[in-house]
Asks: 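Below you'll find the structure I mean.
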Amino acid sequence: MDEKLLLGQVLTFMDDPFARGWQAASRHSTRSGIVLRDGRIAATGEADALRRAHPRAQVTDYGEALILPGFVDAHMHYPQTGIIASWGKRLIDWLNSYTFPEEMRFGEASYARTQADLTLDLALAHGTTTLASFCTIHSESVTAFFEAAEARGMGVVAGKTCMDRNAPEGLRDTPRSAFDDSKALIETWHGRGRAAYAITPRFSPTSTPDQLAALGALWAEHPDCLMQTHLSEQTDEIAWVRGLFPQARDYLETYERHGLLGERGLYGHAIHLEPREIDRLAEVGAAVVHCPTSNTFIGSGLFDMAGMKARGIPVGLATDTGGGSSFSMLRTMAAAYEIGQLRGTPLHPAQLLWLATEGSARALHMGGQIGTLAPGAHADLCVLDLASTPAIAQRSDRAEDIWEALFPTIMMGDDRAVRDVWVSGASRRG
Ligand code: GUN
Ligand code: ZN
């Protein structure tokens, strides 16, 4: 039997640390182990006991490094990797100036493949093992991303980004072609290996009511797919939506009226929400995705984590690259902490870590499969060095518990902190 045993410090969650308090929700062990078999986690436990129980397992000892589930980035745009950190615009101008010209290039399959490979390798280097990505209107861009993920054994979510107005010539489809192309991609990819398809209207301003309705009809035909889009990111965007959909009471209703509000819906940003929108998201059980580095970089606003969690709305955490300014979920956790501070609700490191792993996994309806070290889950892991730079090491040296040891890496860490990353039971670092 081909078994692997990884040894190190291990942190596990028994529960949501927002719901139960972080002490009760988590467990830490300094000398622990994880057994991997057939690409899955087979067991976790005390290091010596696992060594005795699995004498033939191939052992990798990470010493004091911390073994965690791989990070789950619940909203990003792989076609925007090349334009990350583009200066000085707000959302609509940023889309027109930087994003749309770059997305035009993805009709060429070889370019899409290059960018998909580049993005997934960057993600893995940063300890991210699952991503939910928007692609471009081109089916080739979706194929390239799923193929690149499949080659790496990664479980990803992706979808063709549909737009039939307010986008340049060459980046517009139609209600019919959005439906047909998305359907063909679902038939090819959804459930193939670890691939999951998300029906992907970019956002209400770039889809006509007819296109939203077509994609709502497609979701009704394929209710096991996810649906990802954007919601209430910036105030000018919301005003634009109000002008484009005068009959809708609010932004969320532009989706709801067209069959695009549901439990498997993922609504990126969700910053400036009306009370009715919060009520409806909570009633339906839909997830919102917090993209903190993007929200500060594009100047969008301060997400209300405490408010969302208090209403029981599932929240995922995400980079939103290239609107987001980092591929690192560590940096993303740091930005979520900073936004929490600006709202007067600091997040505990346990809550940050949970959001970046199990919280995002649950938002993607992949709880129990990824973002966890529970037996049966995919063996997607990230191993963190908690002393990866001199600045971090001198602070973690003084730590009195694991949270104090981890927090400097959350706040100051980057890909240098990622000692190893495992996908489907194989190390990607060798
Ligand atoms: N809203 C619609 N499209 C996008 C996008 O690509 N990035 C961000 N941040 N917001 C969007
Ligand atoms: Zn986005």
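Nothing here was measured: the structure is a model prediction, and the numbers come from that model. Whatever order the structure lists them in is the order used to number ligands and atoms, beginning at 1.
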Asks: What pairs meet the ring-ring contact (aromatic ring centres under 6.0 Å, His included) rule with one or both residues in residues 156-207, with sequence neighbours excluded?
Replies: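 Counting only pairs at least two positions apart or across chains, the ring-ring contact (aromatic ring centres under 6.0 Å, His included) contacts touching residues 156-207 are F146-W189.
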Asks: Any chance you could measure C225, atom SG, to L218, atom CG, to the nearest 0.5 Å?
Replies: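 Result: 7.0 Å between the selected atoms.
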Asks: Going by distance alone, is a donor N or O of one side chain under 3.5 Å from an acceptor N or O of the other, for T319 and D73?
Replies: yes
Asks: Quick check for you: to the nearest 0.5 Å, what is the distance between F134 atom CZ and M76 atom CE?
Replies: 11.0 Å
Asks: My understanding is that only residues two or more places apart in sequence, or in another chain, count here; which of them pass side chain to side chain donor-acceptor pair (under 3.5 Å) with H138?
Replies: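 If we apply the side chain to side chain donor-acceptor pair (under 3.5 Å) test to H138, skipping adjacent residues, the hits are T136.
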Asks: Is it the case that R105 places NZ or CZ above or below the six-membered ring of Y78, under 6.0 angstrom from the centre and within 45 degrees of the axis?
Replies: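 Not flagged: R105 not positioned over aromatic ring of Y78.
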Asks: What count do you get for protein N/O/S atoms less than 2.8 Å from the Zn ion (ligand 2)?
Replies: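 Step by step: take the Zn ion (ligand 2), keep protein N, O, S below 2.8 Å, and you get 4.
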Asks: Report the distance from atom CG of D320 to atom CG of N295, rounding to the nearest 0.5 Å.
Replies: 7.5 Å
Asks: Verify the ring-centre separation between H75 and H230: is it less than 6.0 angstrom?
Replies: yes
Asks: Are F407 and Y337 an aromatic pair by the rule of ring centers under 6.0 Å?
Replies: yes
Asks: Between ligand 1 and the protein, give all atom pairs where both partners are nitrogen or oxygen and the distance is under 3.5 Å, as lines of names plus distance to 0.1 Å.
Replies:
residue, atom, partner, partner atom, Å
ligand 1, 3 (N), R202, NE, 2.8
ligand 1, 6 (O), Q80, NE2, 2.8
ligand 1, 6 (O), R202, NH2, 2.8
ligand 1, 9 (N), E233, OE2, 2.9
ligand 1, 9 (N), D320, OD2, 2.8
ligand 1, 10 (N), E233, OE1, 2.7
ligand 1, 10 (N), E233, OE2, 3.4

